[in-house]
Amino acid sequence: MTEREPVRAPTGTQLTCKSWQTEAAYRMIRNNLDPRVAEDWERLVVYGGSGRAARDWASFDAISRTLQELEDDETLLVQSGKPVAVFRTHRWAPRVLIANSNLVPRYATWDYFRELELNGLIMYGQMTAGSWIYIGAQGIIQGTYETFAEAVRQECGGEARGKLIVSGGLGGMSGAQPLAATMLGSTYLGAEVDWGRIQRRLADGYIDEIETDLDRAIEKAISARTQAKPWSVIYHGNQVDLLTRLINLKVAPDLATDQTSAHDNLNGYVPHGISYEDALTLRIEDPQAYISRAMDSMAEHVCCLLELKKMGATIFDYGNNLRGQAYDAGIEDAFTYPGFVPAYIRPMFCEGRGPFRWVALSGDPEDIHRIDQVVLEAFPDNRLLARWIELARTRIPFQGLPARICWLGYGERARFAALVNDLVKRGELKAPIVVGRDHLDCGSVASPNRETEAMPDGTDAIADWPLLNALLNTASGATWVSIHHGGGVGIGNSIHAGQVTVLDGTDEMAERAQRVFTADPGLGVVRHADAGIPAAIDFARTHGIRMPMSPAPVPAAGAPPAATV
Ligand code: NAD
């Protein structure tokens, strides 16, 4: 625990740093740690188990000081959340370069990582935590909404009302699930062990009802499903207990998945069969015993999901590596159900579409509302986007600096950037806009159990793509660029990159943004075309993306998942 005052990003037009380029990084690291945004700001934990924004408070202070002094031809280097050097580069170079949690592959295990972490030498950056572009639960809510919508379209004949979605966790990302489900019109039932998290989501309007009695929670959810009522019920308890009871009562949900922090078997997932308080004590007093219980629990968790599948539920993995953990704990058929990317999201990746987001540095929600309007006018044919903006306006509260998420694709992102930079230039917005994305994007991640699962040419584990992505964004003029390891699915399982670019209304940023917002999603299309996916090959051809060697289509189903190799 720290006795620090809560962190907040400055708002308004008064600069703390020497330009908007550095001011943006200064405001965004603070925004990540704002108590309204971060899950546990005092421990510098932003979301996703132990995803941090800076290694420790001394590093946070040094980053802040350095950003205040940084010139517009200098670059700050951050190594696992600690600022290590400043070098003279040039104006178009990123102002900050970040590398978080990277280990040489042979050493990339949680045990090795945790030993280094304990000695203060490394930090887990998750994806947008250590790269300073987390925007609260809103950052995932559109992705969750689109994922559930596509699952309902494919598996439930497109009718979301009267359907029951079951999942676990109410953390930074997982907390978006109940709201996404009810926005679609479905009923949602899920468990969360941490009472504080439940209260937080209730206060933010993400959940409708809490129940401490397991059978009553299930009854309420069944009753809402019967009435086709968009309603979410949260059971205060363990997800494994909830699933076991559903099986015993022979209640099959329509869709079942999970988003507890399964990627981290020590500081994320909470095993069943032990009270939450005792689990927290065990975590500190006997980490090995805790890990062993968590692994057994995750094995049972997956067995429950497989049982629900037999009972008629559609099940899919929702990006937390629960299947990988269960497989390591001895469940050989853990990978017999699909991940959400190959099942529902990949067609969007083939068009360079992914979780793009923007933040108003002014702190004024009006700036976001003005951009909403511009986006709706600029992309009148994108029905997905129009539906989303309307829903987001009415249903999603801002956390910290006002922000918007929107899955824009290749071509749209560059056009968006030009329009918004122009709004800033004309003084129609109060201050510049920061534009970035999740690392979970089309061309920026190698993650065989998630984003690159079941690539048709078997290239799931090839990590050249995220490295090329970071190099390309650096060369194109992004404001800050990051390379991380282990986000989403845990140490040893992913390598990914991020970029953030500040639209400050200058001609220089207009040029830089055109390059970044074309190259960044363009590489996503190329990654999928190179893997032989016909839709991406066609998209690259029709959109003039230059690939020196024509890719050949490859039939689906390539190499087995990495966990089984
Ligand atoms: P978080 O750590 O903030 O929240 C997870 C929540 O799960 C916590 O509140 C925790 O108390 C609860 N929990 C843990 N074990 C439980 C159990 N057995 N029963 C009930 N509750 C339990 O993490 P988050 O930001 O919500 O992310 C959740 C997971 O999703 C992570 O593994 C993360 O890497 C992954 N993730 C997926 C995506 C995606 O797009 N699919 C995106 C971001 C993160």
Side-chain angles (χ1 to χ4, degrees), residues 37-40 43 45-51 124-129 134 136-137 139-148 166-177 180 190-201 206 234-244 257-274 276 279-280 283 290 293-294 296-298 300-302 304 316-325 339-341 343-345 354-355 405 407 438-441 445 447 449-451 453 484 486-491 493-494 496:
V37 178
E39 290 300 305
D40 188 356
R43 292 174 53 236
V45 169
V46 182
Y47 78 103
S50 58
Y124 185 59
Q126 255 290 1
M127 290 193 159
T128 51
Y134 182 71
I140 197 178
I141 197 160
Q142 191 194 6
T144 306
Y145 176 84
E146 300 301 349
T147 301
F148 287 174
V166 169
S167 187
L170 272 190
M173 298 286 96
S174 44
Q177 297 176 104
E192 165 62 58
V193 285
D194 181 344
W195 184 247
R197 304 279 185 127
I198 297 179
Q199 288 304 319
R200 185 168 178 173
R201 303 302 159 221
Y206 276 58
I234 302 304
Y235 165 59
H236 178 217
N238 200 289
Q239 185 69 8
V240 176
D241 295 333
L242 171 60
L243 298 185
T244 306
T257 185
D258 183 64
Q259 221 171 43
T260 58
S261 271
H263 71 277
D264 185 340
N265 57 15
L266 179 62
N267 294 308
Y269 190 84
V270 179
H272 77 294
I274 177 172
Y276 180 50
L280 294 185
R283 190 180 263 177
Y290 184 99
R293 286 190 86 127
D296 288 348
S297 186
M298 287 192 268
E300 196 161 335
H301 198 145
V302 163
C304 287
F316 63 91
D317 180 272
Y318 203 14
N320 59 356
N321 204 29
L322 182 67
R323 291 173 306 172
Q325 301 281 31
F340 74 110
V341 173
Y344 307 123
I345 296 292
I405 175 109
W407 281 52
D438 198 348
H439 293 199
L440 182 173
D441 198 23
V445 54
S447 184
N449 290 352
R450 202 167 102 168
E451 289 88 340
E453 173 176 346
H484 294 193
V489 282
I491 295 300
N493 293 305
S494 61
H496 38 96

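Just follow the structure's listing: the first ligand is 1, and inside any ligand the first atom is 1. Counting from 1, the numbers follow the sequence of the chain as shown.
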Atom 23 (O) of ligand 1 - nearest protein heavy atom and its distance: Ser261 OG, 3.0 Å
What is the closest protein heavy atom to atom 9 (O) of ligand 1, and at what distance does it sit? Glu192 OE1, 2.8 Å
Residue, atom name and distance, where the atom is the protein heavy atom closest to atom 39 (C) of ligand 1: Gln259 NE2, 3.6 Å
Do me a favour and list the nearest non-hydrogen protein atom to atom 15 (N) of ligand 1 with residue, atom name and distance? Val270 N, 2.9 Å
Nitrogen or oxygen atoms of Asp194 and ligand 1 under 3.5 Å apart: no
Is the backbone of Gly48 close enough, under 3.5 Å, to the side chain of Tyr124 for a donor and an acceptor to pair up by distance? no
Are Asn449 and Asn321 close enough that a side-chain donor and a side-chain acceptor fall under 3.5 Å? yes
Gap between atom NE2 of His272 and atom OG1 of Thr244 - 0.5 Å precision: 6.0 Å
Non-hydrogen atom of Gly490 closer than 4.0 Å to ligand 1: no
Distance from atom 19 (N) of ligand 1 to nearest protein heavy atom, with residue and atom: Gln239 N, 3.0 Å
Give the atoms of ligand 1, by number and element, whose distance to some non-hydrogen atom of Gly49 is under 4.0 Å. 1 (P), 2 (O), 23 (O)
Of all the heavy atoms in Gly268, does at least one lie under 4.0 Å from an atom in ligand 1? yes
Considering distance alone, does some N or O of Gly172 sit under 3.5 Å from an N or O of ligand 1? yes
For atom 42 (C) of ligand 1, what is the closest protein heavy atom, and at what distance to 0.1 Å? Ile140 CD1, 3.5 Å
Determine, considering heavy atoms only, which of Gly139, Gly487, Gly319 sits nearest to atom 35 (C) of ligand 1. Gly319
Kindly identify the option in Thr257, Asp40, Thr260, Val240 whose heavy atom sits closest to atom 13 (N) of ligand 1. Thr260
Under 3.5 Å donor-acceptor, Gln239 side chain and Ala191 backbone: yes
What part of Met173, side chain from CB on, backbone N/CA/C/O, both or neither, has a heavy atom under 4.0 Å from ligand 1? both
Minimum-distance pair of heavy atoms, taken over all atoms of Asp317 and Leu322: OD2-N, 3.8 Å
Report yes or no: do Ser167 and Gln177 form a side-chain donor-acceptor pair below 3.5 Å? yes
Which is closest to atom 26 (O) of ligand 1 by heavy-atom distance: Ser167, Gly488, Ser174, Gly237? Ser174
Looking at the rings of His236 and Tyr276, which for Trp means the six-membered one, are their centres under 6.0 Å apart? no
Report yes if some heavy atom in the side chain of Val46 is under 4.5 Å from a heavy atom in the side chain of Glu39; otherwise report no. no
Check the pair Thr147 / Phe316 against side-chain contact (heavy atoms from CB on, under 4.5 Å), numbers first and verdict last. CA-CA 10 Å; Thr147 301; Phe316 63 91; 4.0 Å; yes
So which bit of Met127 gets within less than 4.0 Å of ligand 1, heavy atoms only: side chain, backbone, both or neither? neither
Using heavy-atom distances only, which candidate in Ala279, Ala38, Gly48 approaches atom 25 (O) of ligand 1 most closely? Gly48
How are the rings of His301 and Tyr269 set to each other: parallel, tilted or perpendicular (split at 30° and 60°)? tilted
With a 4.5 Å limit on heavy-atom distance, are the side chains of Tyr206 and Leu170 in contact? no
When you measure from atom 4 (O) of ligand 1 to every protein heavy atom, which one gives the shortest distance, and what is it? Gly171 CA, 3.1 Å
Checking the side chain of Asp40 only, and the main-chain atoms of Val45 only, is there a donor and an acceptor separated by less than 3.5 Å? no
How far is atom 38 (C) of ligand 1 from the closest protein heavy atom, and which atom is that? Arg450 NH1, 3.4 Å
Using heavy atoms and a 4.0 Å limit, tell me yes or no: is Gly143 in contact with ligand 1? no
Judged on heavy-atom distance to atom 32 (O) of ligand 1, which of Gln126, His263, Arg201 sits nearest? His263
For ligand 1, is there an atom lying under 4.0 Å from some heavy atom of Phe340? yes
Is there a heavy atom in Leu440 that sits closer than 4.0 Å to ligand 1? yes
Distance alone, cut at 3.5 Å: any donor-acceptor contact between the side chains of Thr144 and Tyr318? yes
Donor-acceptor contact present, side-chain Glu192 to main-chain Tyr235, <3.5 Å: no
